[in-house]
**Student:** 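The structure's right below; bear with me while I get my questions together.
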Amino acid sequence: MSVLAALPTTSASSPLITVEKVNKHFGAAHVLRDVCTHFNAGQVTAILGASGSGKSTLLRTLNRLEKHDSGRIVVDGIEVCDDLKQLDALRAEVGMVFQQFNLFPHLTVLENVTLAPRRVRKTPRAEAEAKAMELLDRVGLAAHAHKHPFALSGGQQQRVAIARSLAMAPRVLLFDEPTSALDPEMVKEVLDVMKQLAAMGMTMIVVTHEMGFAREVAGRVLFLDQGCVAADEPPEQFFGAQTNERIRAFLGQIQK
Amino acid sequence: MTAALQVWPAGWSRQLRSSATMAAAGVVLVLLLWLMAIPLALAPEPIGNNAQYFAEGTRVTVQLTLVAGVSGVLIGVLAALGKTSKVAVFRWVAGIYIWVIRGTPLLVQVLFVYFALPALIPALKLGDFASACLALSFNAGAYNAEAIRAGLLAVPRGQIEAARSLGLSPWFTFIDVTFPQAFKISLPPLVNNIVALLKDSSLAYAIGVVELTNVGNRIQAATFQPLPILLTTATIYLLLTSVMTQVSDAVERRFDVEGKLA
């Protein structure tokens, strides 16, 4: 598809995002402890961990929805900091998909998808709409373009949210538990879209509880435990003969 | 009162019905202001012979309401933004403004702007109509601020996060995402305030503005016939508020994309 053909083709080994010694506190709780990692272009990373392990927080520091207290995060050469101009530039390159979809309820599906390109990239309306229709077609929702979000199912709303992020042609897509708010029968339609994106070489960082997705689609599993990176390995290894006691306990819980 | 919206053909879209209602209400209002002296002139004394006088007073009342209504909403938005601002000084200024205006009677505010303000700042010596507009605008603004603030606070945090994470600037986030949703939530209390404003504009009579209540009072003083005169005055107010609620109802329905309103 032409839309995704326009994706940046960085070589798969160069780090797109670097995270250095990042710490984050919520009051007395120390939720991220000296986290060091990097994310390469074209790579699909699944971030796993028990609830409260800091996985969503880590994801949200990458586009400054949470401020980190210390350390350094660099995304595509832009340091994540408080400078508003720099932050807006960064966020235009980093797409985010939320657990609760967060579609704009007062706008139609098409307006949801075209808003950011028109406002941020100053794309003319007709062009933005043509591109949006192409993306909606990709996620199988072209027929719903003129509906408002309330008229769609959860799975459909989440697919619109993915199309909305893609409309900015981001360098990386962050997913914050994208299927956790969905009924089981709708999980698949969203995961299918995500698999499609992964197959096209989209850089994705996915906080998820979908072990099947992590196993099949992710090239790498990052396991957080009490704010620390406890494992960083390929899924075969992670889900294989696991020696780490805490990870075995976690996987045992999940599989019950 | 039922919605005028229901009289439009069933095939019309929600937007079209809403626009049609607003246009129709506008036409009714203009006709009312322009031609009301004609039916009033047919009434027996003391109404018929004072028909022009009533019409003139009604026009002034509507002018006061429109000016103070529009500027009151603008002031209300600014004060609501001030009160929800991250900057302490803005919160402080907005808080004091709302505290003072809501804590003092409107009549005192009207008198203050007309009599006391020129003594304080000689450059602010305003005419009676302008003084009334100023006092009413700031009064409505304070009440509107709280209605709009409630709306702003009711917009889920995730909406702002989604907009910001798409790269929208704080300005576009506000204009395209936060404000339209907040405004929809604030609309019913805002309408309350504007209906109250229409009636409160009668306090302008204390500084000699010849609006509807003042007209009624003057005719009554001259004719000693309170019953027909006050009935006429009240009926005109009721007509005006009825037109106004039709407009607000149409606006509310325009925003009702989910079809929540019956």
Side-chain angles (χ1 to χ4, degrees), chain A residues 56 59-60 62-66 78 84-109 111-122 146-152 157 160-161 164-170 172-176 181, chain B residues 11-19 77 81 85-87 90 148 150-188 190 248 250-262:
Chain A
S56 280
L59 195 76
R60 289 162 58 87
L62 300 182
N63 68 348
R64 201 60 162 186
L65 287 184
E66 299 294 351
I78 308 174
L84 213 57
K85 279 244 150 38
Q86 207 168 323
L87 202 55
D88 287 345
L90 169 103
R91 283 168 169 165
E93 303 301 328
V94 180
M96 180 128 186
V97 175
F98 299 86
Q99 183 176 355
Q100 300 295 341
F101 331 131
N102 294 352
L103 292 181
F104 306 129
H106 59 300
L107 302 179
T108 64
V109 165
E111 288 164 344
N112 263 278
V113 180
T114 55
L115 179 64
R118 289 181 56 209
R119 294 303 199 206
V120 182
R121 304 253 195 251
K122 308 290 175 203
H146 297 286
K147 291 185 181 169
H148 281 85
F150 82 95
L152 304 181
Q157 290 194 45
V160 173
R164 178 175 71 175
S165 294
L166 287 175
M168 288 296 285
V172 52
L173 264 186
L174 312 178
F175 292 83
D176 191 2
Chain B
W12 288 18
S13 71
R14 198 189 73 246
Q15 252 95 0
L16 193 55
R17 283 162 181 252
S18 167
S19 308
V77 171
L81 284 177
S85 168
K86 280 180 200 150
V87 184
F90 291 164
I148 293 165
L152 288 173
L153 293 178
V155 176
R157 205 183 147 67
Q159 289 291 310
I160 296 158
E161 287 186 350
R164 299 289 285 127
S165 71
L166 281 166
L168 288 178
S169 62
W171 167 250
F172 282 130
T173 299
F174 179 73
I175 287 299
D176 290 321
V177 177
T178 321
F179 188 70
Q181 296 185 55
F183 188 71
K184 177 184 167 182
I185 299 167
S186 309
L187 208 52
L190 276 181
S248 69
V251 175
E252 218 175 306
R253 273 164 203 280
R254 172 166 290 255
F255 283 95
D256 178 39
V257 298
E258 297 170 21
K260 278 185 187 163
L261 302 174

**Student:** Would you give the length of the straight line joining atom CE of A:M96 to atom CG of B:L166, rounded to the nearest 0.5 angstrom?
**Tutor:**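 Here the rounded value is 11.0 Å.
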**Student:** Quick one: do B:E258 and A:H148 satisfy side chain to side chain contact (heavy atoms under 4.5 Å, CB included)? Show the steps, please.
**Tutor:** CA-CA 8 Å; B:E258 297 170 21; A:H148 281 85; over 6 Å; no
**Student:** Please examine the side chains of A:R64 and B:R164, heavy atoms only from C-beta on, and report whether any two atoms are closer than 4.5 Å.
**Tutor:** no
**Student:** To the nearest 0.5 angstrom, please state how far the CG atom of A:L65 sits from the CZ atom of B:R157.
**Tutor:**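 Going from CG on A:L65 over to CZ on B:R157, the span is 8.0 Å.
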**Student:** Could you give the distance from CG (B:L168) to CG (A:D88), rounded to the nearest 0.5 Å?
**Tutor:**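 If we round to the nearest 0.5 Å, B:L168:CG and A:D88:CG are 8.5 Å apart.
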**Student:** Can you check side chain to side chain contact (heavy atoms under 4.5 Å, CB included) on B:V177 and A:L115, steps first, answer last?
**Tutor:** CA-CA 10 Å; B:V177 177; A:L115 179 64; 4.1 Å; yes
**Student:** Picking from A:G95, A:A89, A:P105, A:A116, which has the most non-hydrogen pairs under 4.5 angstrom with chain B?
**Tutor:**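 Looking at each option in turn, the highest pair count goes to A:P105.
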**Student:** Using non-hydrogen atoms and a 4.5 Å limit, figure out which bit of A:P149 sits close to chain B: side chain, backbone, both or neither.
**Tutor:**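 Contact with chain B involves no heavy atom of A:P149 at all.
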**Student:** Using heavy-atom distances under 4.5 Å, tell me whether A:F98 contacts chain B through its side chain, its backbone, both, or neither.
**Tutor:**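 Contact with chain B: side chain only.
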**Student:** Is a side-chain donor or acceptor of A:N63 paired with a backbone partner of B:S165 at a separation under 3.5 angstrom?
**Tutor:**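 No: the side chain of A:N63 does not pair with the backbone of B:S165.
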**Student:** Quick check against the 3.5 Å criterion: does A:H106 have a side-chain atom that pairs as donor or acceptor with the backbone of B:D256?
**Tutor:**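 No, the answer is negative, given that no donor and acceptor are paired below the 3.5 Å cut-off.
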**Student:** Near A:K122 NZ, under 6.0 Å, is it more than 12 heavy atoms from other residues, nucleotides or ligands?
**Tutor:**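 Yes, NZ of A:K122 has more than 12 neighbouring heavy atoms, counting only those of other groups under 6.0 Å.
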**Student:** Heavy-atom pairs under 4.5 Å with chain B: which of A:E111, A:R119, A:R121 has the most?
**Tutor:**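 Heavy-atom pairs under 4.5 Å are most numerous for A:R119.
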**Student:** Can you confirm whether B:F90 is buried at CZ, in the sense that more than 12 heavy atoms of other residues, nucleotides or ligands lie under 6.0 Å from that atom?
**Tutor:**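 No.
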**Student:** Name the region of A:R164, side chain, backbone, both or neither, that has any atom closer than 4.5 Å to a heavy atom of chain B.
**Tutor:**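 Contact with chain B: backbone and side chain both.
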**Student:** Between A:L103 and chain B, which part of the residue has a heavy atom less than 4.5 Å away: side chain, backbone, both or neither?
**Tutor:** backbone
